[in-house]
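Values reported hereafter were calculated over all heavy atoms of this structure, with side chains retained and with hydrogens, waters and symmetry mates removed.
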Amino acid sequence: MVAEGIESALRDTPEISVIASYSTGKELLRGLKRGLPDVLLLDIQLPDKSGMELAKELMTEYPDLYIIILTGIDSAPILVELMRAGCRGYLLKTMANRKNLITAISQVYEGNIYLDNRDKDLLLKGILETKQRPLNGIGKKLTAREKDVLGLIAA
């Protein structure tokens with residue numbers, strides 16, 4: 001029903017064409033093998049597969065794919081994780097009127113990121129609340145033995 005509503009909202013927009021609609025992650029993966037859309041609207045609540053896992057899998061397999069998350073889940077940690085995975089937009093279904101959909105799709109198609117102001121604040125909050133972890137051990141103190149080895153390498 002949601003997919004039909006989206007298709008209906010975009011039907012009279014000449015610069016946007018809906019080329020396919022899938023109700024499961026499995027169908028989506030099969031469909032993408034036949035052809036990639038310019039912009040993919042993805043719900044993270046699918047009946048057979050987590051949209052979060054699916055988004056990460058898609059970004060690994062199709063790194064140039066532009067994904068906009070269209071969801072009913074309003075969560076800073078999820079938003080942060082999806083944006084870190086490479087998604088280009090995030091739009092709550094409650095905010096997904098025709099104008100916002102067209103704006104999101106157009107901005108992402110042009111290579112930009114789409115977040116409404118509320119989601120920008122949510123993303124910033126989520127990033128600030130995330131514990132800062134050293135990447136690949138950067139910032140970790142060296143043991144005495146590691147310092148000896150590093151000294152020998154430098155010499």
Side-chain angles (χ1 to χ4, degrees), residues 1-140:
M1 197 161 65
V2 172
E4 289 174 12
I6 292 169
E7 287 180 49
S8 175
L10 298 176
R11 187 173 300 128
D12 297 328
T13 308
E15 64 272 10
I16 297 174
S17 301
V18 178
I19 60 169
S21 178
Y22 307 102
S23 57
T24 68
K26 188 175 181 179
E27 289 176 7
L28 172 63
L29 291 172
R30 266 197 315 256
L32 291 179
K33 290 187 187 312
R34 291 190 298 269
L36 293 178
D38 293 323
V39 177
L40 172 69
L41 295 177
L42 178 64
D43 193 336
I44 58 173
Q45 293 177 295
L46 298 172
D48 64 337
K49 190 166 191 166
S50 157
M52 179 77 75
E53 293 171 19
L54 192 57
K56 291 176 182 178
E57 183 179 334
L58 291 173
M59 292 313 304
T60 300
E61 192 166 338
Y62 307 104
D64 296 328
L65 181 62
Y66 288 165
I67 298 175
I68 297 173
I69 300 299
L70 182 64
T71 185
I73 297 176
D74 188 12
S75 163
I78 290 175
L79 173 58
V80 170
E81 191 170 344
L82 287 163
M83 297 308 283
R84 282 188 175 146
C87 294
R88 306 290 299 212
Y90 190 88
L91 183 61
L92 287 173
K93 289 178 184 175
T94 56
M95 304 295 289
N97 59 42
R98 184 176 188 276
K99 180 182 177 220
N100 289 345
L101 274 172
I102 292 168
T103 300
I105 292 167
S106 298
Q107 283 189 11
V108 168
Y109 177 76
E110 291 170 5
N112 300 310
I113 301 290
Y114 177 82
L115 295 169
D116 65 24
N117 287 333
R118 193 200 138 288
D119 288 332
K120 287 176 188 175
D121 292 341
L122 191 63
L123 179 63
L124 182 57
K125 178 183 175 194
I127 290 170
L128 293 174
E129 289 176 354
T130 303
K131 290 184 179 177
Q132 296 289 332
R133 287 176 283 178
L135 301 175
N136 299 324
I138 296 171
K140 222 168 108 176

### Summary
Here the gap from K49 atom NZ to L29 atom CG, rounded to the nearest 0.5 Å, amounts to 5.5 Å
### Query
Side-chain contact, heavy-atom cut-off 4.5 Å: L115 with L79?
yes
### Query
Any side-chain heavy-atom pair from E15 and I102 closer than 4.5 angstrom?
yes
### Query
Is there a side-chain contact between P37 and L32, using heavy atoms and a 4.5 Å cut-off?
yes
### Sub-4.5 Å side-chain heavy-atom contact between L40 and I68
no
### Query
Just wondering, do L58 and I67 contact through their side chains at under 4.5 Å, heavy atoms?
yes
## Note on the structure
Correct closest heavy-atom pair for G86 and M59 would be O-CE, 3.6 Å
### Query
So, does S50 use its side chain to make a donor-acceptor pair with the main chain of M52 at under 3.5 Å?
yes
#### Entry: Side-chain heavy-atom pair I73, I44 within 4.5 angstrom cut-off
yes
### Query
Has the side chain of R98 got a donor or acceptor atom that lies under 3.5 Å from a matching backbone atom of L10?
no
### Query
Considering all heavy atoms of both residues, which atom of L82 and which atom of A55 are nearest to each other, and what is their separation?
CD2-CB, 3.9 Å
### Atom pair OH/OH of Y109 and Y66 - distance to nearest 0.5 Å
9.5 Å
### Minimum-distance pair of heavy atoms, taken over all atoms of L91 and Y114
CD1-CE2, 3.9 Å
### Query
Does a side-chain heavy-atom distance below 4.5 Å link L101 with K99?
no
### Query
Given side chains that start at C-beta, do those of R88 and Q107 come closer than 4.5 Å, heavy atoms only?
no
### Query
For the residue pair G25 and L54, what are the closest heavy atoms and their distance?
CA-CD2, 3.7 Å
## Note on the structure
d(Y90 OH, L70 CG) to nearest 0.5 Å is 10.0 Å
### Query
How long is the gap from CG on L28 to CG on L42, to the nearest 0.5 Å?
6.5 Å
### Lys/Arg-Asp/Glu bridge criterion (N-O < 4.0 Å) met for K93, D43
yes
### Query
At their closest point, which heavy atom of I113 faces which heavy atom of C87, and how far apart are they?
CD1-O, 4.5 Å
### Task
Answer yes or no: does atom OH of Y22 have more than 12 heavy-atom neighbours from other residues, nucleotides or ligands under 6.0 Å?
yes
### Task
Can you measure from CG (N112) to OG1 (T103) and round to the nearest 0.5 angstrom?
12.0 Å
### Task
Work out which heavy atom in S21 is nearest to a heavy atom in E7; give both atom names and the distance.
CB-OE2, 3.3 Å
### Message
So does E27 get a backbone contact from the side chain of T24, meaning a donor-acceptor N/O pair under 3.5 Å?
### Response
yes
### Task
Look at E61 together with K33 and state whether they make a salt bridge at an N to O cut-off of under 4.0 Å.
yes
